[in-house]
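We count residues from 1, following the sequence as given. All of these numbers come straight from a predicted model, not from anything done at the bench.
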Amino acid sequence: MTEVSRKKEPLAYRMAPRTLAEFFGQRQLLGEGKMLRRMILADQLSSIILFGPPGSGKSSLARVIANGTERSFKRLNAVTSGIADIRRVIEDAGNPLLTPEGKVLLFIDEIHRFNKAQQDALLPSVEDGTIILIGATTENPFFEVNKALLSRSTVFQLKALEEEDIREILHAALSDPERGYGHLQISLTPEAETFLVRGSRGDARVALNALELAVLSSKPAEDGSLRLDLETLSDCLQEPVLRYDREGEAHYDTISAFIKSMRGSAPDAAIHYLARMLESGEDPAFIARRIVICAAEDVGLANPQLLSICMSAWQAVTQIGMPEARIILAEAVLLVATSPKSNSAYLAIDAALEDVRKKDIGEIPYHLRNAPVEGMAELGYARGYEYSHDFPLHVSAQEYLPDALRGKKYYHPGQLGSEKRLAT
């Protein structure tokens, strides 16, 4: 490739690492002595799936592997490839002229896009080692990849790059004369660099794209130097896109963090996760339902009126809609998060259900049964029943549980809020 044609490639593509020495970040996987690093350096890779957010280095790591292996390396993109492409790679792997070693490293980008039949087509060759699979996905493979294929692969989770990793990548791009801007006099002001590092949110591609746009759209000084300031980078850094798929892992992770923050009496965190969901287009009615469940499960009898309030909030959200519904949701969230908590009702019903399902629960005591038909009283129905209002404090000491469960305690009152009075 000529120097001119190389410079026409996007900066992020040009700066993709060629070796492990040029790879920044993911020290938990590629640090000295780590298994994945040892496998790559020894060229003894087994089938793996790389799972992580955009810009964390999945495709870059595949390129590093391709540059360092003695084996045949093939690449497919699940968006544009099908079973015919998979079979072609498998046939080439079995051809001793094309593949003397009899094994092919196959990198499949966006592997979660393959349907079940396409993933199944890989299984026999991955099983016998003809294909050494390197799959990359932004989605949780435990949700999106066939269990049979997962069982034959090792999953490595890549994390969003740390700020220092992004900073090193930017410095490399500014100093590399061959692939980056080292042949030019380009610098970033400290404020611009910090803004770019933080604004990229751990995505190297976002940072490099913004840097490239800033360079291409700015006019150098008379001496040929170019100093990029905060204003320039603010214009060039794209609006960050939240990773939130209403049917994917981000959805479940966010709603889990949201509920646990309300349960943990952390109002600021709860509001943060509410904002994430709303900004990402989550259904407000879904959020309201989860708030109602939390009010029952986690607030419970410590503040029993809150359940009615949250039900009203749910109804208001469905009738009013966004954007005003955000205020109603925020009120309900803050009330749940700051309320005293008790899960006594949750524990009581689950314990009772456990007994009903698995134990000898005995017969309903006869004194608690009705005798609506003549003759039933003679059989003992309703005999000996004590009318509670005839006793002091309107409470009778009679036994209400079946004999098989006599003395069993399901409800254990908490000591917070309204339940403290109930306990007394």
Side-chain angles (χ1 to χ4, degrees), residues 259-267 270 285 287-319 328-329 331-424:
I259 293 168
K260 289 171 181 172
S261 297
M262 288 191 294
R263 177 184 300 147
S265 300
I287 299 172
R289 287 197 300 273
R290 302 309 303 181
I291 295 171
V292 169
I293 293 170
C294 194
E297 178 179 341
D298 297 306
V299 174
L301 295 174
N303 185 2
Q305 294 80 14
L306 189 57
L307 180 59
S308 297
I309 295 172
C310 291
M311 282 297 297
S312 297
W314 182 6
Q315 183 179 13
V317 163
T318 58
Q319 292 183 350
I328 301 166
L329 290 170
E331 287 188 19
V333 166
L334 292 173
L335 279 172
V336 172
T338 57
S339 175
K341 304 293 193 298
S342 171
N343 66 343
S344 60
Y346 168 78
L347 294 176
I349 185 59
D350 278 4
L353 285 170
E354 184 76 5
D355 281 356
V356 168
R357 290 165 182 159
K358 297 183 178 180
K359 289 185 177 181
D360 175 11
I361 54 177
E363 298 290 334
I364 295 174
Y366 271 75
H367 65 276
L368 296 181
R369 303 187 188 192
N370 284 332
V373 179
E374 188 177 351
M376 292 183 67
E378 297 176 4
L379 297 177
Y381 285 76
R383 184 183 301 164
Y385 171 66
E386 297 176 353
Y387 187 56
S388 298
H389 299 292
D390 291 339
F391 293 83
L393 300 180
H394 299 257
V395 177
S396 165
Q398 67 187 328
E399 180 61 55
Y400 289 91
L401 280 169
D403 289 342
L405 296 174
R406 185 179 292 269
K408 178 74 176 184
K409 295 289 185 183
Y410 293 112
Y411 175 51
H412 300 277
Q415 296 298 316
L416 296 176
S418 298
E419 198 167 25
K420 187 174 184 179
R421 294 191 297 273
L422 288 176
T424 302

Heavy-atom closest contact (Leu329 atom, Ile291 atom, distance)
CD2-CD1, 3.9 Å
Which atoms form the tightest heavy-atom contact between Ala404 and Ile361, and what is the distance?
CB-C, 3.9 Å
Using 0.5 Å steps for rounding, measure from the CG atom of Asp350 to the CG atom of Asp355.
11.5 Å
Between Trp314 and Arg289, is the side-chain contact (heavy atoms from CB on, under 4.5 Å) condition met? List the steps.
CA-CA 7 Å; Trp314 182 6; Arg289 287 197 300 273; 2.9 Å; yes
Point-to-point distance, once rounded to the nearest 0.5 Å, from CG of Leu405 to CD of Glu399
9.5 Å
Just verifying a value: how many Å separate Gln398 CD and Leu368 CG, rounded to the nearest 0.5 Å?
6.0 Å
Asp298 and Met262: side-chain contact (heavy atoms from CB on, under 4.5 Å), yes or no, with the steps?
CA-CA 9 Å; Asp298 297 306; Met262 288 191 294; over 6 Å; no
Ignoring hydrogens and geometry, is there a side-chain-to-backbone donor-acceptor pair from Ser339 to Val336 under 3.5 Å?
no
From CD (Glu331) to SG (Cys310), nearest 0.5 Å:
11.0 Å
For the student: nearest non-hydrogen atoms of Pro402 and Gly362, plus distance
CB-C, 4.2 Å
Can you name the closest pair of heavy atoms from Lys341 and Thr338 and give their distance?
NZ-N, 4.3 Å
Any heavy-atom pair between the side chains of Leu347 and His412 that's under 4.5 Å?
no
Does the side chain of Ser344 reach to within under 4.5 Å of the side chain of Glu419, using non-hydrogen atoms?
yes
With a 4.5 Å heavy-atom cut-off, do Tyr366 and Arg383 have their side chains touching?
no
If you compare all heavy atoms of Pro340 against all heavy atoms of Ala302, which two are closest, and at what distance to 0.1 Å?
O-CB, 3.6 Å
Ignoring hydrogens and geometry, is there a side-chain-to-backbone donor-acceptor pair from Glu386 to Ser396 under 3.5 Å?
no
Calculate, to the nearest 0.5 Å, the distance between atoms OG and CG belonging to Ser418 and Leu301 respectively.
8.5 Å
Looking at His367 and Gly384, what are the two nearest heavy atoms and their distance?
CB-C, 4.0 Å
After noting the C-alpha distance and the side-chain angles of Asn370 and Tyr381, does the key distance pass the side-chain contact (heavy atoms from CB on, under 4.5 Å) rule?
CA-CA 6 Å; Asn370 284 332; Tyr381 285 76; over 6 Å; no
Determine whether more than 12 heavy atoms belonging to other residues, nucleotides or ligands lie under 6.0 Å from atom OH of Tyr411.
yes
Within a radius of less than 6.0 Å around CG of Asp360, do more than 12 heavy atoms belonging to other residues, nucleotides or ligands occur?
no
Are there more than 12 heavy atoms of other residues, nucleotides or ligands under 6.0 Å from atom CD1 of Ile364?
no
Who passes ring-ring contact (aromatic ring centres under 6.0 Å, His included) against His394, sequence neighbours left out?
His389
For Ile259, does its backbone N or O pair with a side-chain atom of Arg290 as donor and acceptor, under 3.5 Å?
no
